[in-house]
Amino acid sequence: MKMEKNFIVSTSPHLHSGDDVATAMKDVIIALMPVTLVACYFFKFNVPFLIMVCVLTAMFTEVLFCKLMHKKPQLSDCSAILTGLLVALSFSAATPWWLAAAATFIAIGFAKEFLGGLGWNRFNPALFGRVSVIIFAPWLTYLNNEFFYWRVSFPGIDTITQATPLTMLQMGLPLPNMGTFFFATQGGGIAESSAFALLLGGAYLLYKKHITWHIPVSMMATVFIGMALLGQHPVYHLLSGGLLLGAFFMATDWVTSPITKKGQIIFGVCIGIIVVIFRVLLAPTEGVAFAILIMNAFVPLIDRLTKRSKFGEQKTQAMLQSNISTETEVAVKN
Amino acid sequence: MAKTFERGISSIPGYKELTENMSIQDLPLPSELIIPLRQHIGAPNRRLVSVGERVKAGQIIGDSDAAISAPVHTGLSGVVREIGSRMTQTGQMEDCVVIEVDPEQEKVKYTADDVSHLTKEEIVQRIKAAGIVGMGGAGFPTHIKITPQTKIEYLVLNGCECEPYLTCDHRLMLEYADEMIAGARILSRVLDNAKVIFGIEVNKQDAIDLLKEKLKNEERMEVVPLDVKYPQGAEKQLIYATTGRSVPPGKLPAEVAVVVQNVATAKAVADAVIYRKPLTERIVTLTGDAAVQPGNYRVFVGTTLAHLINSTGGLKPDVGKIIMGGPMTGWAQKSLEAPIVKACGGVIALTREQLAAAQEYYACVRCGKCVDHCPMALYPNYIGMYAELGKYKQAQEWGALDCFECGICAYVCPSRRPLIEFIRRSKRA
């Protein structure tokens, strides 16, 4: 038979689910579209512009670092695009474009590629980039004042004067009404525009099975209960300050969250506790970003502590005592 | 409510519709048989025939004195043309007896014995003499498996057929139900009247109904419907699903007083004990989108893949891969020269289109899907990462040695990592 030469030979299994990383990343991008659209409504061109800057920076940085490290860039897995988008969404719409670009550069270049690329990064790249520019803020402001005179701004809105809801809460300012707050509100980060849109995206990710409920629910429940116990308004805390973005899109990042469900619940609860402490004792904003990054560092420990036993490993003793009848035990002994 | 085990995966398409309603058919007589002298786990057989010798249908052609071994027989008469090393389904070379088959076969008459007076030892002897091995894929000699040192409470008959595509056991349960039940009864006798459980996935409702009807007056035989979930038919998972017992890592089912046998093995046991008929044929599912005439065929052991495929219309032009065994655990074939052996239940021809997606693999993204689904509760992600780095000791610490290579981890991996290959490497190290 002539065709014999053409048979493909590979090891089992010979079937595949068809899932791939790119599909998952694309689905996360789709899940972020509702909140992006709401933000576009409020902040007009600032939002698409900032997203464009971040996504292009992300792709450029990925290629640059892969070339430097003699690796093949993997733009097709869409993870760089997603990181760029997440960085953009975590800023406020008034952020100077170069600051967002710097955050993206750090996110992709250092937090991801420098550590070995997708899969080897220990910290969520988008959050790492975001928090880096907060830490370097004084220095960056200096840079800005000295070197960057060219700015891009779009007329028609005044974004600077918007206080984030968390700051309003802290300062005792009148809060927006709950309905407005839930569906669409102007203030804070781009991704804080609409809790409803974020929940919609989160539901989509759950439906597509890219994430499970364990991290978002344990994290949100902890913040809710913690704030209620401390006499704060739990719902406002839940719906603001990037908590939803963090719970559904950042803390659930495959690479930087625990492997087992038990570990994921521990992870979510710990993030929640840190968020509560941060918001109550330290600054009104950025608590979620710091909390997730701190817990990212503990993921290997959590994985080790929650290591499960193999099938049949633990139940052996109990079973030998209960399930098998006495008759057999006698037979075994003989 | 159907029973099941923990973890595993229920979203693999079954592809059973290609052949599940097709009755078992005979193949045209092959012109040659290539019979591997070893078709079991255990010591190799020595040949009992020589080149040029005439053999009769049912004649023994290879045997061993070793405890763990099973003899082989020829199902057809002919002349031994060659004895030498040939390619087998696993890709390994094995000593085979090549028989030029007589174009006219004399029909061998097997008559039923009264087996009620047989002692346990006599039954085991007949099973051993017939060369019966586990027909679900493992090929472990049956006479060893049914003579454990400890008392057995349950004999579980494995009718799960959880591998996609395969329907040979399904058809066997429908068309040879009486023989299979007779075999189960004999096996139960050897195991001191162990209770018999038929474990069958609910995608074979007709087989469940048929057996329930036939067993309605049997006190010590029961049909347990099981969820359609892979790998439901894996020994430890099946035992857990049907009896609630967990076999400890590294132990055999006898540890929890259970023995598992495939339904086709049970039918072969009935043939062996009642008719003294050796195991020389089996049902094979030829299937897949690239097979011209998918179906369930009665095939003599030693029939080549080429004969099975060519006598059933051949392959479609877009064939990409030929698998012997199931699609999750079977072996891709380089050529069509390998013979069907006792433990081979399926030949699957996949199209190029179905394989198009398979290419390079990427770093682990820690999605945890393999961990979620692993039926043995291992960590295929870590095993794979360590094996990739050559750190096999750590790979074993994360459970590589307890893996039975069901293939789920590689099936679900979004980075398409060859996890089963990594695990095999870790085991060998």
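Naming: A, B, ... by sequence-line order, numbering from 1 per chain.
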Undergrad: Side chain, backbone, both or neither: which part of B:Tyr154 has a non-hydrogen atom closer than 4.5 Å to chain A?
TA: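 Contact with chain A involves no heavy atom of B:Tyr154 at all.
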Undergrad: Please confirm whether the backbone N or O of B:Cys413 pairs with a side-chain atom of A:His16, one donor and one acceptor, at under 3.5 Å?
TA: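 Side chain of A:His16 to backbone of B:Cys413, a donor-acceptor pair under 3.5 Å: yes, one is there.
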Undergrad: Cation over ring, A:Lys307 on B:Trp398, under 6.0 Å and within 45°?
TA: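 Judged by the rule (NZ or CZ under 6.0 Å from the ring centre, within 45° of its axis), A:Lys307 counts as positioned above B:Trp398.
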Undergrad: Under 6.0 Å from the CZ atom of A:Phe290, do we count more than 12 heavy atoms belonging to anything else shown?
TA: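 Yes, enclosed.
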Undergrad: Would you say that more than 12 heavy atoms from the other residues, nucleotides or ligands in this model lie under 6.0 Å from the CZ of B:Phe404, or not?
TA: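 Enclosed: over 12 neighbouring heavy atoms sit under 6.0 Å from CZ of B:Phe404.
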Undergrad: Test side chain to side chain contact (heavy atoms under 4.5 Å, CB included) on B:Lys334 and A:Phe7 and set out the steps.
TA: CA-CA 6 Å; B:Lys334 258 194 251 194; A:Phe7 295 152; over 6 Å; no
Undergrad: What part of B:Thr329 gets within 4.5 angstrom of chain A, counting heavy atoms only: side chain, backbone, both, or neither?
TA: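 Backbone of B:Thr329 only, per the 4.5 Å heavy-atom cut-off to chain A.
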Undergrad: Run the side-chain hydrogen bond (donor to acceptor under 3.5 Å, both in side chains) test on B:Lys369 and A:Ser17 for me, step by step, so that the C-alpha distance in whole Å, both residues' side-chain angles and the decisive distance to 0.1 Å come before the verdict.
TA: CA-CA 11 Å; B:Lys369 286 182 200 280; A:Ser17 62; over 6 Å; no
Undergrad: How many angstroms lie between atom CH2 of B:Trp331 and atom NE2 of A:His14, to the nearest 0.5 angstrom?
TA: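 With rounding to 0.5 Å, CH2 (B:Trp331) is 9.0 Å from NE2 (A:His14).
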Undergrad: Please evaluate residues A:Asp77 and B:Tyr362 with respect to the criterion side chain to side chain contact (heavy atoms under 4.5 Å, CB included), reporting the C-alpha separation (whole Å), side-chain torsions for both, the decisive distance (0.1 Å), and the verdict.
TA: CA-CA 10 Å; A:Asp77 69 17; B:Tyr362 306 99; over 6 Å; no
Undergrad: Relative to B:Tyr379, does A:Arg308 satisfy both conditions: NZ or CZ under 6.0 angstrom from the six-membered ring centre, and within 45 degrees of the ring's axis?
TA: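 Because its charged atom sits under 6.0 Å from the ring centre and within 45° of the axis, A:Arg308 does stack over B:Tyr379.
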Undergrad: Which distance, rounded to the nearest 0.5 Å, do you find between the SG of B:Cys364 and the CH2 of A:Trp120?
TA: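 Between B:Cys364 SG and A:Trp120 CH2, I get 8.0 Å after rounding to 0.5 Å.
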Undergrad: Would a 4.5 Å heavy-atom cut-off, applied to side chains only, mark B:Tyr382 and A:Ile259 as touching?
TA: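 Yes; the side chains approach each other to less than 4.5 Å.
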Undergrad: Counting heavy-atom pairs closer than 4.5 Å to chain A, which one of B:Gly320, B:Ser11, B:Ser415 comes out on top?
TA: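 That would be B:Gly320.
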Undergrad: Is chain A contacted by the side chain of B:Ile408, its backbone, both, or neither, given a heavy-atom distance below 4.5 Å?
TA: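 Neither part, no heavy atoms under 4.5 Å.
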Undergrad: Heavy-atom distances under 4.5 Å only: say whether A:Gln74 touches chain B with side chain, backbone, both or neither.
TA: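 Interface part for A:Gln74: side chain.
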Undergrad: Identify the heavy atoms of A:Trp254 and B:Cys367 that sit nearest to each other, and give their distance.
TA: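 Shortest heavy-atom contact: CD2-CB, 3.3 Å.
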Undergrad: If you draw a 6.0 Å radius around NZ in A:Lys71, do more than 12 non-hydrogen atoms from other residues or ligands fall strictly inside?
TA: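 Counting other residues, nucleotides and ligands, NZ of A:Lys71 exceeds 12 neighbours.
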Undergrad: What are the two closest heavy atoms between B:Lys321 and A:Ile8, and how far apart are they?
TA: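 Between these two residues, the closest heavy atoms are CG-O, 3.3 Å.
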Undergrad: Please report the closest heavy-atom contact between A:Gly312 and B:Ser246, naming both atoms and the distance.
TA: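 Taking A:Gly312 first and B:Ser246 second, the nearest heavy atoms are CA-CB, 3.8 Å.
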Undergrad: Rounded to the nearest 0.5 Å, how far does OG1 of A:Thr260 lie from CG of B:Asp372?
TA: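 That separation rounds to 9.0 Å.
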Undergrad: I'd like to know which of B:Gly314, B:Ala410, B:Gly325 tops the heavy-atom pair count under 4.5 Å against chain A.
TA: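 Greatest number of close heavy-atom pairs with chain A: B:Ala410.
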Undergrad: Is there a side-chain contact between A:Lys72 and B:Glu360, using heavy atoms and a 4.5 Å cut-off?
TA: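 The answer is yes, as the side chains (C-beta and beyond) meet within the 4.5 Å cut-off.
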Undergrad: One pair to check against side-chain hydrogen bond (donor to acceptor under 3.5 Å, both in side chains): A:Ser12 and B:Arg424. What are the steps and the verdict?
TA: CA-CA 11 Å; A:Ser12 65; B:Arg424 287 191 190 122; 2.8 Å; yes
Undergrad: Picking from A:Gln264, A:Lys261, A:His210, which has the most non-hydrogen pairs under 4.5 angstrom with chain B?
TA: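 Going by pairs under 4.5 Å, I would pick A:Lys261.
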Undergrad: For the residue pair B:Ala332 and A:Ser10, what are the closest heavy atoms and their distance?
TA: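 Between these two residues, the closest heavy atoms are CB-O, 3.5 Å.
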Undergrad: Testing the basics here: between A:Leu15 and B:Tyr15, what is the closest heavy-atom pair and its distance to 0.1 Å?
TA: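 Scanning both residues completely, I find the closest heavy atoms to be CD1-CE1, 4.3 Å.
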Undergrad: Counting only non-hydrogen atoms closer than 4.5 Å, does B:Ile323 touch chain A with its backbone (N, CA, C, O), its side chain (CB onward), both, or neither?
TA: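 Only the side chain of B:Ile323 comes within 4.5 Å of chain A.
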Undergrad: Within the side chain of B:Arg366, is there an N or O that forms a donor-acceptor pair under 3.5 Å with the backbone of A:Ser257?
TA: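 Yes.
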Undergrad: Locate the shortest heavy-atom distance separating B:Gly407 from A:Pro13; write the atom from each residue and the value.
TA: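 Scanning both residues completely, I find the closest heavy atoms to be O-CG, 3.3 Å.
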Undergrad: Counting only heavy atoms closer than 4.5 Å, note whether B:Ile12 contacts chain A via side chain, backbone, both or neither.
TA: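 Only the side chain of B:Ile12 comes within 4.5 Å of chain A.
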Undergrad: When only pairs under 4.5 Å are counted, which of B:Ala349, B:Pro375, B:Pro414 shares the most heavy-atom pairs with chain A?
TA: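 When all of B:Ala349, B:Pro375, B:Pro414 are compared, B:Pro414 has the most.
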Undergrad: Relative to chain A, which segment of B:Phe5 carries a heavy atom at a distance below 4.5 Å: side chain, backbone, both, or neither?
TA: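 For B:Phe5, neither part sits under 4.5 Å from chain A.
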Undergrad: Has B:Lys427 got more than 12 heavy atoms of other residues, nucleotides or ligands less than 6.0 Å from its NZ?
TA: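 Counting other residues, nucleotides and ligands, NZ of B:Lys427 exceeds 12 neighbours.
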Undergrad: With rounding to the nearest 0.5 Å, note down the distance linking CG in B:Leu378 to NZ in A:Lys310.
TA: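 B:Leu378 atom CG to A:Lys310 atom NZ measures 7.0 Å (nearest 0.5 Å).
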Undergrad: Is a donor on one side and an acceptor on the other found under 3.5 Å between the side chain of A:Thr11 and the backbone of B:Glu421?
TA: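 Not at all, since once roles are kept as given, no pair shorter than 3.5 Å links the two residues.
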Undergrad: Contact between A:Leu118 and B:Val365 at the side-chain level, heavy atoms closer than 4.5 Å - yes or no?
TA: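 When only atoms from C-beta onward are counted, B:Val365 and A:Leu118 do touch, with a gap below 4.5 Å.
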Undergrad: Looking at B:Gly330, B:Gly368, B:Gly91, B:Gly399, which one has more heavy-atom pairs under 4.5 Å with chain A than the rest?
TA: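 Sorted descending by pairs with chain A, the first entry is B:Gly330.
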